Each structure stands twice: as structure tokens, then as C-alpha cells.
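Every chain is numbered from 1 and lettered A, B, ... according to where its sequence line falls, protein lines coming before strand lines. Just so it is clear, the model here is predicted, and its values are computed rather than measured. Side chains included, hydrogens not; waters and symmetry mates left out as well; all remaining heavy atoms used.
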Number of protein chains: 2
Amino acid sequence: MSQSDVEQMKRPLRRDARESRDKLIAAARAEFADHGVDASLEKIARGAGVAIGTLYRHFPTRMDLLIAALEPRLQEFVEGADTAMQMDDPWAAFVAYLDNLFAVQAGDRGFNDFLSRRFPGNAETEHIHDVMCQQIEDVLTRAQEAGKARPDITRADIVNLIWSNGRIIDATSTKAPTAWRRQLHLMLDAYRAERAHAIPEPPMTDEQLYDAMVHLSKAK
Amino acid sequence: MSQSDVEQMKRPLRRDARESRDKLIAAARAEFADHGVDASLEKIARGAGVAIGTLYRHFPTRMDLLIAALEPRLQEFVEGADTAMQMDDPWAAFVAYLDNLFAVQAGDRGFNDFLSRRFPGNAETEHIHDVMCQQIEDVLTRAQEAGKARPDITRADIVNLIWSNGRIIDATSTKAPTAWRRQLHLMLDAYRAERAHAIPEPPMTDEQLYDAMVHLSKAK
DNA sequence: GCTTAACCGGAGGGGTGCCTCAGTTTATTC
DNA sequence: GAATAAACTGAGGCACCCCTCCGGTTAAGC
């Protein structure tokens, strides 16, 4: 149940409040998309033509605003993910899942950051990450069971790829906006069962993975 | 010719100045290694037990201090790179070059950041990057001509890998400090010539690559 | 139109960081 | 041991950013 649902149950917002809220979300979408999840909240308020106090009235924490701002991106991702997972061919499903994920990631720095980080206090975002993790597990296992993906990789390797992709997007989004796709397809060659060579390093455990994502979300 | 050479030609530093300089470099090494090239200069001065004005007296710009701080890391890298490039087997040389580079990268966040960024104003760092770029070109071409590395990859792809690796290191250095090696070996599987699949995206041009590295060095 | 709860604005306190400069201290030289 | 250039200090100006609080404003319901 999202925050807006809760609010609607309480009482409809006053007209000016509704407008402020909408303007804030619009400004936040633009700002997070351009500058990532650490974008300045004061700048977002300015962009919305609203005072900083109003921003905090509507969104007491950065995460509240971020979740509202990322909603369409999440929607977009979920649709593409569902389509991919319904594909008959396991390898095609695996490829389509990643391509969809990365395409959304490439279009929004906020979403890009969001993918690499976990916010332990926040049940809503934790749930999103858990679901994604499970989907990756499913789509990967299916490709492995069909003999298409090498059996020695785990979801931790896919998360590595998500991090990698995020960094490439950060670097290239302005000057070579589709460059990430090249790296993805190179990596797909690495994932193929028929080309596999032994890897001299075990995959990360789930705990290491989780800690790493929390680590990325900490202020440096 | 490095800055310290220039200074030695002018006149020996006063004893207290020499000490301040040494303490600053030591503190900078620790701080850059832990927090990357954007570490706080005031914190470095505090760590050195010296006033902020003294820091600026010795190192007028952040880059001056960074270069002094990274010197041992560069040394370390150069030695490993030379060893790798002298190997007889072209594929082994390619692998050894990357493994050395990434191992150094994994040990120092400052060096890690430094690798991904270019600073157009600074002749010294530009030169380092140019040399590295040429080495990558050499070692890759040699592996390709020996038929070991697929012919359709370029140095831009290796730079992508450096960025990727950097991000993985950022995420994992505290909890899974050798995790990066797994991703490297997966990627090596992707680079192998045998049974390579076509990549539906051209490599970045040199200009795109350069711009991307400058972009990463800009304040977000 | 009056009331009032809801809403808004924005000053202000607290924090961090960059960088400068005037006043003080100190190593060195004679 | 005095003279002096070199070096050091740290307060202070500037620019951000986060978040709170309270006086003023306004939409909505009667």
C-alpha cells in the first residue's frame, strides 16, 4: 500500500496542497533523473516553485519523495519485466529481462542509483529489491536449467553486472547513451554455457551482497 | 619532471616545511585511499596535524596533492604492468595486465577514482592516462593478433571494464575485497575469441570515451 | 461571509567544505 | 644573537545543504 493510498483514505488534500504536491513530484522527477538520489532537496523545491518547508510538509524524508518520483520508472520496469518473464525461450527471457532493466536504468540516474543501493529502514524499497532479486533468480535459474546459461553463476553476479552497468551509464549517458548495451552483450557472451571457463573466485554470499548495497547507500 | 624535482632545483625546503609536507602527504594517502579523490582537504590537514593554510601553501590545488599521494600506487602499477607486458604468451600478458591494474585499483579508492576520470587541464595526469591507454591498446592488439582475443573489441571496451570494476570495488571493498576478480574472469570469458557472438552496438569512439571520463570528473 | 484547520513561506540554526590573507612564529644565515 | 625570508596559523568570507518552526495565508465547510 503506497503512501498516496493512505492519504486518500484519510481525506482529500486541499486544492493548493494537491497542486504543491504535484509540482514537487514533477520537479523531483527531473532533478533525481538528472542528478541521482542525492539531488538537492532545496533545488527541487525551487524547481517546483514552492518553499522548502512545503516540501518537507509533503515528504518528511528524502525517501518519501524519491519513491513518489520513481513511480513511473518502476511501472515501466515492471511491465517490461513481466513481458520478459513470460517468454517461452529461457535464454531469450533472461536477455530480455536484463535489457529491459538496463534500458530503464539508463534513462534515469535516480533509478540507476536506486538499483544499486538498499535502504535497510524502508520496508517499501526493501520489498521492491527483494522482488527484483527473486525475479533475477528465477530468470537465471530457468536459463541455467535449459542449459543455456552457465551453471556456475548466481544472482550475485547479475547484481555485479547491474552495478557495472550503472557506472557505465553514469559515464556515458550524455555522450554515448547506448554504450551500455555493448557491455551487456559482451557479458551475455560470458554467461553463455558453451563458452564457460572456470572462475577462480567464488560468488558473493547473499550477506556480502546485501552489505555491499547498503554500503553504497551510505554517504561517503 | 615532477613537482618535487622542480622544488629541489630551486632550493632545499626549510626543515619544518619538509616535515609539514611529509605529514600532509602521509595524511593525504590515507584519506584519498579511504574516501576517493573528493576527500575533504580540511580533514587531510587535520589528519596531518597542520593548519589548512599550510596545506594550500604546499599544494595549491587538489591535483597537486593527489599526484603526490598516488605516487606509490602509480609505481606499483607500472611495475606490474611492465612485468605483464613482457610475458611471452599474448593472452597471459593481457590477463596479467588487467589483473595487476585491478588489484592496484582495488587497494586504493583514490587510485580507483583517478583511473576513471580525466582532468583536461593537467598535463601530468593526462600523460599518465595516455600511456595507459596505449598500453591497453598494445596488449589487446597483441592478444587479438594471436587469435586469442576476439577481434571486435577495442580499448573502449576495456575502459568500460575499468569503470565496471571500479564500481564493484566501491561496493565490495569492505565486505568482499576479492569479489572484483570474479567479474574480471567472467569478462575474460567474454573477450575470448572462440565462439564469440556478434555485438549489436558499436564501440565508443575515442572522443566519446574521453568525454565520458571528463564527465565523471565533474562535480555531480 | 465567517471560522478554522490545513497549508505555505522563508528566516534561521547547524553542519560541511573551499580557499584566502593578515598577523605571528621559526629556521637559517651572517 | 640579530636580521630576515620562509613558513605557519586559523579566523573568516562564501557557498552549499539539511531540517525546523512559527507567523501569516487560504481553501473548504457552515
Side-chain angles (χ1 to χ4, degrees), chain A residues 3-4 6-28 31-32 34-66 68-69 110 113 119 121 217-220, chain B residues 3-4 6-28 31-32 34-66 68-69 110 113 119 121 217-220:
Chain A
Q3 182 183 327
S4 56
V6 176
E7 280 179 0
Q8 280 170 5
M9 282 169 59
K10 288 197 224 153
R11 178 170 318 186
L13 284 175
R14 232 170 72 171
R15 203 186 69 241
D16 53 351
R18 172 96 247 155
E19 281 169 11
S20 291
R21 191 169 193 282
D22 290 346
K23 283 189 286 184
L24 278 166
I25 291 176
E31 209 59 22
F32 284 135
D34 282 359
H35 302 296
V37 307
D38 298 318
S40 157
L41 298 183
E42 294 192 332
K43 217 188 226 168
I44 289 173
R46 276 199 299 277
V50 135
I52 185 67
T54 303
L55 185 151
Y56 279 98
R57 175 173 188 78
H58 286 283
F59 304 99
T61 73
R62 175 182 293 269
M63 283 307 295
D64 294 328
L65 181 53
L66 180 64
D113 286 349
F119 308 89
S217 73
K218 294 232 180 72
K220 16 154 212 173
Chain B
Q3 184 184 325
S4 56
V6 175
E7 281 179 0
Q8 280 170 5
M9 284 167 59
K10 288 196 221 151
R11 179 172 317 188
L13 283 175
R14 231 170 72 171
R15 204 188 67 242
D16 53 351
R18 173 95 249 155
E19 283 169 10
S20 292
R21 191 169 193 282
D22 291 345
K23 284 189 286 183
L24 278 165
I25 291 176
E31 208 59 24
F32 284 136
D34 282 358
H35 302 295
V37 307
D38 297 318
S40 158
L41 298 183
E42 295 192 331
K43 217 188 227 166
I44 290 173
R46 275 200 297 278
V50 135
I52 184 68
T54 302
L55 184 151
Y56 279 98
R57 175 172 187 79
H58 287 283
F59 304 99
T61 73
R62 174 183 294 271
M63 283 307 293
D64 294 328
L65 181 53
L66 180 64
D113 285 349
F119 308 89
S217 73
K218 294 234 179 73
K220 18 147 213 174

A.B. asks: Heavy atoms, side chains only, cut-off 4.5 Å: are A:Ile44 and A:Phe32 in contact?
C.D. replies: yes
A.B. asks: Can you measure B:Glu19 atom CD to C:dT26 atom C1' for me and round it to whole angstrom units?
C.D. replies: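 About 12 Å, once rounded to whole Å.
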A.B. asks: Has the side chain of B:Asp64 got a donor or acceptor atom that lies under 3.5 Å from a matching backbone atom of B:Thr61?
C.D. replies: yes
A.B. asks: Would you mind telling me which of D:dC8, D:dT26, D:dA6 lies closest to the side-chain atoms of B:Ser20?
C.D. replies: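 Out of D:dC8, D:dT26, D:dA6, the nucleotide with an atom closest to B:Ser20's side chain is D:dC8.
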A.B. asks: Rounded to the nearest angstrom, tell me the gap between atom CZ in B:Arg15 and atom P in C:dT25.
C.D. replies: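 Checked: the CZ to P distance equals 18 Å.
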A.B. asks: Taking CZ from B:Arg18 and C1' from D:dA6, how many angstroms apart are they, rounded to a whole number?
C.D. replies: 15 Å
A.B. asks: When you get a sec, tell me which of D:dT9, D:dC19, C:dG9 is the closest nucleotide to the side chain of A:Val50?
C.D. replies: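 Minimum distance to the A:Val50 side chain belongs to C:dG9.
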A.B. asks: Is there a donor and acceptor pair, one atom on the side chain of B:Arg14 and one on the base of C:dT26, closer than 3.5 Å?
C.D. replies: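 Under the 3.5 Å cut-off, the side chain and the base do form a donor-acceptor pair.
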A.B. asks: Mind calculating the distance between CG (A:Asp38) and P (D:dC16) to the nearest angstrom?
C.D. replies: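 Value for this atom pair: 18 Å.
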A.B. asks: Atom CE of B:Met63 to atom P of C:dC19: distance rounded to whole Å?
C.D. replies: 13 Å
A.B. asks: Check the distance between C:dT26's P and B:Arg57's CZ and give it to me in whole angstrom.
C.D. replies: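 Computing the B:Arg57:CZ to C:dT26:P distance gives 15 Å.
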A.B. asks: What is the distance, rounded to the nearest whole Å, between atom CZ of A:Phe59 and atom P of C:dC8?
C.D. replies: 11 Å
A.B. asks: For B:Arg15, is there an ion pair with B:Glu19 - N to carboxylate O distance below 4.0 angstrom?
C.D. replies: yes
A.B. asks: Tell me which nucleotide among D:dC8, C:dC7, D:dT20 gets nearest to the side chain of A:Ile52.
C.D. replies: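 The listed nucleotide nearest to A:Ile52's side chain is D:dT20.
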A.B. asks: When you get a sec, tell me which of D:dA27, D:dT9, C:dC19 is the closest nucleotide to the side chain of B:Tyr56?
C.D. replies: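 Ranking D:dA27, D:dT9, C:dC19 by closest atom to the B:Tyr56 side chain puts C:dC19 first.
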A.B. asks: If you assign A:Gly53 and A:Lys43 each to the DNA chain D nucleotide with the nearest heavy atom, which residue ends up on the more 5' nucleotide?
C.D. replies: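 That would be A:Lys43.
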A.B. asks: From C-beta outward on A:Leu13, which listed nucleotide comes closest to its side chain: D:dA7, C:dC18, C:dC7?
C.D. replies: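 Of all the options, the side chain of A:Leu13 is nearest to C:dC7.
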A.B. asks: Considering heavy-atom distances to DNA chain C, does A:Asp16 or B:Asp16 have its closest nucleotide positioned more toward the 5' end?
C.D. replies: A:Asp16
A.B. asks: May I ask you to verify if any side-chain N or O of A:His58 is less than 4.0 angstrom from the OP1 or OP2 atom of C:dC8?
C.D. replies: yes
A.B. asks: What is the separation between atom CZ on A:Arg21 and atom C1' on C:dC8, rounded to the nearest whole Å?
C.D. replies: 16 Å
A.B. asks: Examine distances only and state if a side-chain atom of A:Arg62 and a backbone atom of A:Ala39 form a donor-acceptor pair shorter than 3.5 Å.
C.D. replies: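 Yes; at least one donor-acceptor contact below 3.5 Å.
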A.B. asks: Distance criterion of 3.5 Å, no angle test: do you see the side chain of B:Glu42 paired donor-to-acceptor with the base of C:dC19?
C.D. replies: yes
A.B. asks: Nearest heavy-atom pair of B:Leu24 and B:Thr54: which atoms, and what distance?
C.D. replies: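 So the two residues come closest at CD1-O, 4.1 Å.
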A.B. asks: Considering every strand and a 4.0 Å limit on heavy-atom distances, what is the contact class for A:Ser40: base, sugar-phosphate, or nothing?
C.D. replies: sugar-phosphate
